[in-house]
Amino acid sequence: MQTRVIPPADGAYTFPLLIKRLLLSGSRYEKTREIVYRDRVRYSYPTLTERISRLANVLVAAGVQPGDTVAVMEWDSHRYLECMFAIPMIGAVIHTINVRLSPEQILYTMNHAEDKLVLVNSEFVPLYQALAGQLTTVEKTLLLTDSSEKTAELPNLVGEYEQLLAGASSHYDFPDFDENSVATTFYTTGTTGNPKGVYFTHRQLVLHTLAAATITGSIDSVRLMGTDDVYMPITPMFHVHAWGIPYVATMLGIKQVYPGRYEPDMLVNLWRKEKVSFSHCVPTILQMLLNAKGGENTDFGGWKIIIGGSALNRGLYEAAKARGIQLTAAYGMSETCPLISCAHFNEELQAGTDELRVTYRIKAGVPVPLVDAAIVDGDGKFLPADGETQGELVLRAPWLSMGYLREPQKGAELWDGGWMHTGDVATLDSMGVIDIRDRIKDVIKTGGEWVSSLELEDLISRHPGVREVAVVGMADAQWGERPFALLVPREGQALDAQSLKAHLLPFVELGLINKWAIPSQIAVVGEIPKTSVGKLDKKRIRVEVLAWQADNSPFLSSL
Ligand code: AMP
């Protein structure tokens with residue numbers, strides 16, 4: 001196509017979209033607002049900018065070159081925030097290590113990412129020591145610690161973070177470079193095989209930040225974060241850059257609170273003391289917070305929380321609402337940076353009943369600006385957006401991982417047909433709302449019917465005796481698969497197979513589910529297995545249930 005492209009005038013500055021731009025803006029708007037770390041550290045934006053320069057000088061003096069990968073093993077902290085800026089801003093790549101993976105998986109990711117320097121929190125020193133002999137690319141380490149003990153037995157230790165920062169220059173002239181340079185990388189675990197590395201460029205992160213700021217701040221019906229808000233992540237910074245919100249908060253100069261390791265009492269105390277008003281997390285972390293001893297009778301009024309990473313069911317929505325928390329669902333995945341869609345109310349929904357608004361607040365929502373979403377069948381054919389037809393959700397957006405690190409075949413599968421495949425079954429409706437029905441591999445195929453495990457979880461979560469629920473399909477000689485429900489009871493409430501059946505039958509009568517969707521068996525347990533990022537671990541659940549079924553375990557009861 002012959003469009004009109006005018007070359008820039010001599011000397012015109014062609015502005016690259018680099019992460020440093022987000023930082024510089026932060027000191028512009030609300031520079032006296034604070035960055036807080038637990039009950040230990042607080043400082044304002046000019047100090048953040050200065051510390052990032054100091055860290056850049058420390059890294060360069062330690063031999064870090066543009067293009068190198070620098071890894072971080074740390075809980076959520078002001079130091080992590082500084083790393084999220086300083087490392088990419090010198091042209092290096094930050095590898096945010098998922099410290100909750102198994103040691104073997106952590107080792108795999110560090111060698112695969114070719115980490116050159118690793119910043120290690122003192123809590124992870126024993127883990128690092130255990131891996132050190134098998135690390136193939138790491139040359140140096142740097143210690144992060146809250147304790148007064150400023151050294152540790154780490155191989156090729158450059159020094160301790162605070163001491164090094166104190167001794168470094170507070171000025172660093174961050175260079176311009178290609179906006180398509182990789183800035184961040186981290187690993188996502190599938191059901192099989194090794195973790196896969198996703199990666200994001202400066203340009204992608206800047207565009208993602210702008211879109212996330214727009215959607216959290218500009219939609220009247222779900223206004224989530226503005227400059228008066230106080231932000232505290234409860235999705236770890238190692239997982240998709242805490243959903244990219246630290247970049248948004250920094251760009252806008254919003255007060256930020258970093259809680260370190262997630263301890264329920266610390267989270268509740270910080271919420272109270274620092275007046276936190278905006279957070280984001282996966283459902284299980286919220287559940288943990290609602291049950292925290294220190295917050296048992298707390299009214300969390302005014303706290304707005306985005307729930308993503310897993311479906312938000314109605315039971316949890318209502319439980320949070322009863323405690324003053326306003327939940328909003330959003331959808332995304334590691335490969336998508338992550339923001340794809342967020343609940344949004346158009347005029348039709350605003351004018352609707354409470355019931356209707358809740359229904360739409362817990363769905364995955366409407367694609368955010370610049371995101372294209374469609375559903376396709378197994379042959380890649382586009383399906384209608386009629387709110388009924390189910391297909392695989394496929395995406396296009398400026399901030400999707402362009403493949404998997406050094407896995408061209410898997411990258412090509414991810415991008416089959418020029419759209420990014422999510423592996424999620426969804427419907428799209430005429431309002432553009434995405435409703436995630438299930439992960440393709442979690443849909444339960446029973447007697448020729450497809451049952452959504454997420455829908456069943458949602459209906460079961462409404463039983464007053466259910467605190468947590470996971471539904472999986474278990475092999476069955478007659479029906480192919482049958483739904484199985486794993487339940488954690490709510491304290492002081494009765495929960496058994498018969499009361500669950502009585503709870504589900506009306507939904508069959510209403511036509512919401514068919515009778516084959518009623519689980520054949522349940523188990524009432526104290527805890528449901530979770531993944532490294534706190535999601536229901538359906539792979540492990542299936543293994544455990546299989547073992548119980550083989551043993552005819554007394555845990556099991558039939559409906
Ligand atoms: P991860 O890459 O580990 O962040 O996992 C991404 C997956 O989480 C998606 O592919 C979905 O299956 C699931 N997920 C994320 N957000 C939602 C949501 N709002 N509703 C249902 N499932 C979700």
Side-chain angles (χ1 to χ4, degrees), residues 96 98 100-101 105 109 185-191 195-200 208 215 222 233 235-245 280-286 305-314 316-317 327-344 359-368 371 373 375 390-395 397 399-401 404 410 414 419-428 433-443 452-458 461 469-472 530-539:
T96 55
N98 180 343
R100 293 211 180 267
L101 292 180
Q105 285 178 317
T109 64
T185 188
F186 61 92
Y187 284 76
T188 166
T189 50
T191 38
K196 299 187 291 264
V198 292
Y199 51 94
F200 301 96
H208 181 273
I215 215 67
V222 277
T235 316
M237 297 172 94
F238 64 69
H239 186 56
V240 212
H241 337 106
W243 296 354
I245 305 298
H280 48 77
C281 61
V282 295
T284 46
I285 300 280
L286 177 64
I305 302 185
I306 293 188
I307 296 289
S310 295
L312 167 57
N313 64 45
R314 197 173 285 252
L316 184 58
Y317 178 87
L327 298 184
T328 302
Y331 168 81
M333 58 196 296
S334 302
E335 286 82 346
T336 64
C337 201
L339 185 59
I340 289 299
S341 62
C342 183
H344 158 64
T359 303
Y360 278 86
R361 219 179 240 291
I362 66 178
K363 287 189 195 221
V366 181
V368 306
V371 171
I375 46 172
Q390 299 186 23
E392 185 184 8
L393 181 68
V394 293
L395 302 167
W399 48 78
L400 309 182
S401 187
Y404 293 113
K410 288 185 181 148
L414 179 71
W419 287 79
M420 203 208 86
H421 288 253
T422 61
D424 288 319
V425 182
T427 58
L428 283 177
V433 175
I434 302 174
D435 189 11
I436 303 293
R437 309 288 302 179
D438 221 334
R439 304 205 76 154
I440 289 178
K441 56 183 188 306
D442 291 336
V443 176
S452 155
S453 66
L454 296 185
E455 183 171 14
L456 263 183
E457 284 165 7
D458 180 47
S461 77
V469 51
V471 171
V472 293
K530 309 277 165 36
T531 68
S532 65
V533 290
K535 303 190 192 189
L536 301 174
D537 189 342
K538 296 206 171 172
K539 190 167 80 172

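First listed ligand is number 1; within each ligand, the first listed atom is number 1. For reference, positions follow the sequence shown, starting with 1.
- When hydrogens are left out, the protein atom nearest atom 22 (N) of ligand 1 is Ala311 N, 3.6 Å; that is the closest non-hydrogen contact.
- Between the CD1 atom of Ile436 and the CD atom of Gln390 there is a distance of 11.0 Å, given to the nearest 0.5 Å.
- For ligand 1, the polar-atom distance check against Gly309 finds a nitrogen or oxygen pair separated by under 3.5 Å.
- Distances below 4.0 Å separate heavy atoms of Ala330 from the following atoms of ligand 1: 16 (N), 18 (C), 19 (N).
- For Arg439, every heavy-atom contact with ligand 1 shorter than 4.0 Å involves the side chain, none the backbone.
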Can Phe200 and His208 be said to form a ring-ring contact (aromatic ring centres under 6.0 Å, His included), step by step? CA-CA 10 Å; Phe200 301 96; His208 181 273; 8.1 Å; no
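- Of the protein's non-hydrogen atoms, Met333 CB, 3.2 Å is the one closest to atom 6 (C) of ligand 1.
- Note that CG of Asp438 is 4.5 Å distant from CG of Leu454, once rounded to the nearest 0.5 Å.
- In this structure, the protein non-hydrogen atom closest to atom 9 (C) of ligand 1 is Asp424 OD2, 3.2 Å.
- Here the heavy atom of the protein found nearest to atom 1 (P) of ligand 1 is Lys535 NZ, 3.2 Å.
- Summarising the geometry of Glu457 relative to Val469, their closest heavy-atom pair is O-CG1, 3.6 Å, with the distance given to 0.1 Å.
- Every atom of ligand 1 is numbered from 1 in the order shown, and the set under 4.0 Å from a heavy atom of His239 is 3 (O), 4 (O).
- Ligand 1 has no N or O atom lying under 3.5 Å from any N or O atom of Ala329, backbone or side chain.
- Comment: Asp424 engages Arg439 in a salt bridge, judged by a side-chain N to carboxylate O separation of less than 4.0 angstrom.
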Does Ile340 form a side-chain contact (heavy atoms from CB on, under 4.5 Å) with Leu395? I'd like the steps, not just the answer. CA-CA 9 Å; Ile340 289 299; Leu395 302 167; 3.7 Å; yes
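- Protein heavy atom at the shortest distance from atom 17 (C) of ligand 1 is Tyr331 CD1, 3.5 Å.
- Remark: minimum distance from atom 18 (C) of ligand 1 to any protein heavy atom is reached at Ser310 O, 3.5 Å.
- Below 4.0 Å from some heavy atom of Ser334 lie the following atoms of ligand 1, by number and element: 1 (P), 2 (O), 3 (O), 4 (O).
- If you look at Pro338 next to ligand 1, there are no close heavy atoms at all, none under 4.0 Å.
- Between Asn98 and Ser532, the side chains place a donor N or O and an acceptor N or O closer than 3.5 Å (distance only, hydrogens not considered).
- Counting heavy-atom neighbours within 6.0 Å of Arg314 CZ, excluding the residue itself, gives a total above 12.
- A cation-pi arrangement is not found for Lys410 relative to Tyr404, the charged atom failing to lie both closer than 6.0 Å to the ring centre and inside a 45° cone about the ring normal.
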